[in-house]
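What follows is one structure encoded as structure tokens, with my remarks underneath.
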Amino acid sequence: MYAPYASDPARAKGRRFPEEESSFRSCFQRDRDRIIHASAFRRLKHKTQVFVEHEGDYFRTRLTHSIEVAQVARTIAGALGLNQEITEAIALAHDLGHTPFGHTGEDALHALMAPYGGFDHNAQAVRIVTSLERHYADFDGLNLTWETLEGIAKHNGPVTGALPYALADYNAVHDLELHTHASAEAQVAALADDVAYNNHDLHDGLRAGLFTEEEICHLPIVGEAFAEVDRIYPDLEHIRRRHEALRRVFGVMVGDVIDTSRQNLAEVDPQSVEEVRVCGRPMVQFSAALWQDLKQIRAFLFSRMYRAPSVVEMRKKVTLVVEELFPLFLKDPMLLPERWHPDLEHCQDETAIARKVSDYISGMTDRYALQQHARLVGE
């Protein structure tokens with residue numbers, strides 16, 4: 001049922017720690033299921049996408065974003081003849097390493113961790129699924145297949161240059177071939193991320209009142225979508241009008257990825273997943289024309305949403321939360337919960353302690369970080 005360039009569970013490279021395989025689930029299905037049941041995945045429900053988690057019940061969180069990415073990814077993978085289970089697994093796991101408060105929290109933690117190797121949320125996702133999740137009797141982490149780990153590590157493309165320590169540490173014991181492109185399934189997960197957030201950030205920005213339908217109608221793709229809805233449904237109530245238009249924007253992006261990727265795959269004609277990895281360029285892409293349109297949409301969202309005064313003000317507040325918690329825990333690591341203390345006993349220097357503190361803070365939800373800050377620092 002799969003294309004020749006799809007990831008085949010029957011030919012998977014296996015897991016770092018050998019296990020008896022299931023008689024009724026493929027190895028990639030098991031990976032997906034383990035990710036869904038992971039503690040880090042559940043915590044995404046209270047982590048920021050753009051708006052801090054407590055700011056509104058209707059805005060996307062990091063969890064709902066990940067679910068939307070997975071839905072888009074399955075659709076594209078199915079259209080391209082790819083393995084939907086591993087595509088979904090990578091999509092669901094791609095943001096596991098995010099800090100509280102989204103990219104704002106990551107920026108703050110990266111600056112604080114600069115003397116100790118920095119912080120990178122993609123590398124942290126690998127650290128979570130290979131070490132920090134500790135539920136299984138025989139191993140730390142989730143013991144995912146090589147293919148799923150590869151996809152999490154390099155779904156955005158080959159990882160070159162100086163590696164983040166969280167990725168370098170694992171790659172030293174289980175080579176993920178970081179210099180090559182990832183499978184087509186991982187590439188689909190990366191593009192599905194772009195589709196999802198470009199679409200839902202328009203939804204959330206409108207709901208938050210940061211801009212209006214009239215303003216976004218000047219954007220490429222969006223204006224055409226609203227015009228089509230107005231032509232077909234001239235008297236449509238405004239919330240339905242908004243949804244009808246933005247789901248058309250969504251459809252344009254998904255269709256473009258499918259059409260462009262089919263053309264790329266037809267040109268290169270890879271006969272295996274290995275040929276996808278070493279062909280030297282991504283197979284799953286937007287067209288050049290649509291990519292230019294998305295740049296305009298992103299520029300609008302950056303200026304009117306991500307840098308809106310209300311969002312910037314909240315960024316300042318939550319940055320201070322991270323900046324004040326980190327040195328507190330670094331100075332007195334015993335403030336970490338008791339279950340973290342055995343790991344701290346094995347830390348040989350300040351760098352090792354700082355990385356444990358980073359693991360703890362990056363795993364916090366928005367609300368937990370705010371609660372801990374209020375308890376330890378004060379309002």
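Every heavy atom of this structure was used, including side-chain atoms; hydrogens, water molecules and symmetry mates were not.
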Do [X] and [Y] sit within salt-bridge range, that is, some charged N less than 4.0 Å from a carboxylate O?
X	Y	result
E68	R60	yes
D194	R298	yes
R304	E215	yes
E244	R241	no
E106	R62	no
R277	E177	no
E21	R30	yes

Worked check of side chain to side chain donor-acceptor pair (under 3.5 Å) between Y5 and E275: CA-CA 7 Å; Y5 45 77; E275 290 186 21; over 6 Å; no

Starting from [Y], can I reach [X] by hopping between I/L/V/M/F/W/Y residues whose side chains sit under 4.5 Å apart?
X	Y	answer
V72	V188	yes
Y197	L44	no
M253	M305	yes
F139	W146	yes

Pair D8-Y2, side-chain donor/acceptor within less than 3.5 Å: no

Does some side-chain heavy atom of [Y] sit less than 4.5 Å from a side-chain heavy atom of [X]?
X	Y	result
R16	N143	yes
Y165	R127	yes
D120	L167	no
N198	L301	yes
L206	E213	yes

Heavy-atom neighbours of H203 NE2 exceed 12 at 6.0 Å: yes

Intermediate values then yes/no, salt bridge (Lys or Arg N to Asp or Glu O under 4.0 Å), D31 and R15: CA-CA 10 Å; D31 285 354; R15 308 175 188 276; 2.7 Å; yes

Residues that, via side-chain heavy atoms closer than 4.5 angstrom, fall in one hydrophobic cluster with Y233: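 Grouped by the 4.5 Å side-chain rule, V229, I232, L236 form the rest of the cluster around Y233.
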
If you compare all heavy atoms of [X] against all heavy atoms of [Y], which two are closest, and at what distance to 0.1 Å?
X	Y	answer
R375	Q372	NH2-NE2, 3.1 Å
S287	T260	N-OG1, 3.2 Å
A6	V273	O-CB, 4.0 Å

Evaluation steps, side-chain contact (heavy atoms from CB on, under 4.5 Å), between M283 and R281: CA-CA 6 Å; M283 291 290 94; R281 66 183 179 96; 3.9 Å; yes

Rounded distance (nearest 0.5 Å) linking atom CG of L330 with atom CG of L325: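 Separation between the atoms: 12.5 Å.
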
Check against salt bridge (Lys or Arg N to Asp or Glu O under 4.0 Å), R34 and E19: CA-CA 14 Å; R34 288 180 180 187; E19 295 182 58; 2.7 Å; yes

Stepwise side-chain contact (heavy atoms from CB on, under 4.5 Å) check, T104 with M314: CA-CA 10 Å; T104 301; M314 181 59 72; over 6 Å; no

Lys NZ or Arg CZ of R43 over Y368 ring: under 6.0 Å, within 45°: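 No, R43 does not lie over the aromatic ring of Y368.
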
Parallel, tilted or perpendicular: ring planes of H121 versus H98, cut at 30 and 60 degrees: parallel

